[in-house]
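A quick write-up on the structure given underneath.
Small disclaimer: the values here were computed from a predicted structure and weren't measured. Basis for what follows: all heavy atoms, side chains included, without hydrogens, waters or symmetry-related copies.
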Amino acid sequence: MTRLIFAGLAAAAAALSLAACNNPGTEPADAPAPASAPATPSAAASEPAAASAASALPADMQAQAEHAELCEHFAGEEPYDADRRKQIETAIEANCTPLKAALPALLAAHGADPALKPTLDRWAELVQ
């Protein structure tokens with residue numbers, strides 16, 4: 001998806017450049033600024049950001065970061081048939097349950113840290 005966005009931006013810049021060449025009395029237009037984030041980022045596009053955010057966490061929270069991400073993801077999935085419902089339930093059990101079990105210790109260890117509290121609060125909300 002990211003490659004498509006950059007390819008589109010490159011094509012737009014090339015088109016603007018050609019338009020300026022065809023009108024010698026005009027100044028070339030600036031290329032459009034790249035979007036800060038795609039409207040619907042793919043999982044691959046968000047992985048580096050998620051990985052860097054997780055690496056800023058203490059080790060015990062890093063161990064739960066992937067569980068939290070997957071718990072949140074599958075909690076928002078639509079069970080469009082019985083097989084998909086089973087897949088979602090299995091993924092929620094595999095990710096939300098360990099996060100819920102680890103949360104009391106994480107809150108005890110890091111709940112007073114203002115930098116970590118929002119993450120812990122969000123995780124707690126996920127597993128209620």
Side-chain angles (χ1 to χ4, degrees):
M1 175 106 178
T2 305
R3 288 184 186 170
L4 291 175
I5 292 169
F6 287 116
L9 291 173
L16 289 172
S17 179
L18 285 174
C21 290
N22 291 333
N23 296 322
T26 62
E27 291 292 320
D30 290 334
S36 59
T40 53
S42 68
S46 62
E47 284 177 17
S52 65
S55 66
L57 299 173
D60 55 346
M61 287 182 68
Q62 285 180 27
Q64 295 302 319
E66 185 174 1
H67 286 300
E69 184 178 337
L70 291 170
C71 177
E72 183 174 31
H73 171 80
F74 284 103
E77 286 289 301
E78 187 66 35
Y80 46 80
D81 62 24
D83 288 339
R84 184 62 177 154
R85 179 178 302 280
K86 180 65 176 159
Q87 290 173 342
I88 292 168
E89 288 171 355
T90 300
I92 287 173
E93 179 69 24
N95 291 289
C96 298
T97 301
L99 178 62
K100 186 174 188 172
L103 203 55
L106 294 174
L107 285 167
H110 307 291
D113 186 333
L116 300 175
K117 184 80 166 102
T119 300
L120 291 168
D121 288 345
R122 184 172 48 87
W123 291 1
E125 210 172 286
L126 280 173
V127 297
Q128 285 185 359

Candidate pair H110 and T119, rule side-chain contact (heavy atoms from CB on, under 4.5 Å), full reasoning: CA-CA 10 Å; H110 307 291; T119 300; over 6 Å; no
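- Clustering ILVMFWY residues whenever any of their side-chain heavy atoms sit less than 4.5 angstrom apart, transitively, puts I92 in a cluster other than the one holding L126.
- Of all heavy-atom pairs between L99 and W123, the closest is CD1-CE3, 3.7 Å.
- The existence of a salt bridge linking R84 and E77 is confirmed by a sub-4.0 Å separation between a basic side-chain nitrogen and an acidic carboxylate oxygen.
- The shortest distance between side-chain heavy atoms of L116 and P58 falls below 4.5 Å.
- Y80 belongs to no multi-residue hydrophobic cluster, having no ILVMFWY side-chain contact under 4.5 Å with any other such residue.
- Residue L57 is grouped with residue L107 when hydrophobic side chains (ILVMFWY) are merged at heavy-atom distances under 4.5 angstrom, including chains of intermediate members.
- Remark: of the listed residues Q64, H67, E69, H67 is the sole one forming a side-chain hydrogen bond (donor to acceptor under 3.5 Å, both in side chains) with N95.
- Two residues are said to be in side-chain contact when any heavy atoms from C-beta on lie closer than 4.5 Å; F74 and T90 fail this criterion.
- Remark: D121 engages K117 in a side-chain hydrogen bond (donor to acceptor under 3.5 Å, both in side chains) (not counting sequence neighbours).
- Take R85 and apply the side-chain hydrogen bond (donor to acceptor under 3.5 Å, both in side chains) test, not counting sequence neighbours, and it matches no residue.
- Nearest heavy atom pair, residue C71 against residue V127, reads SG-CG1, 4.3 Å.
- Closest non-hydrogen pair, D60 versus A109, comes out as OD2-CB, 4.2 Å.
- For the pair M61 and L120, the minimum side-chain heavy-atom distance is below 4.5 Å.
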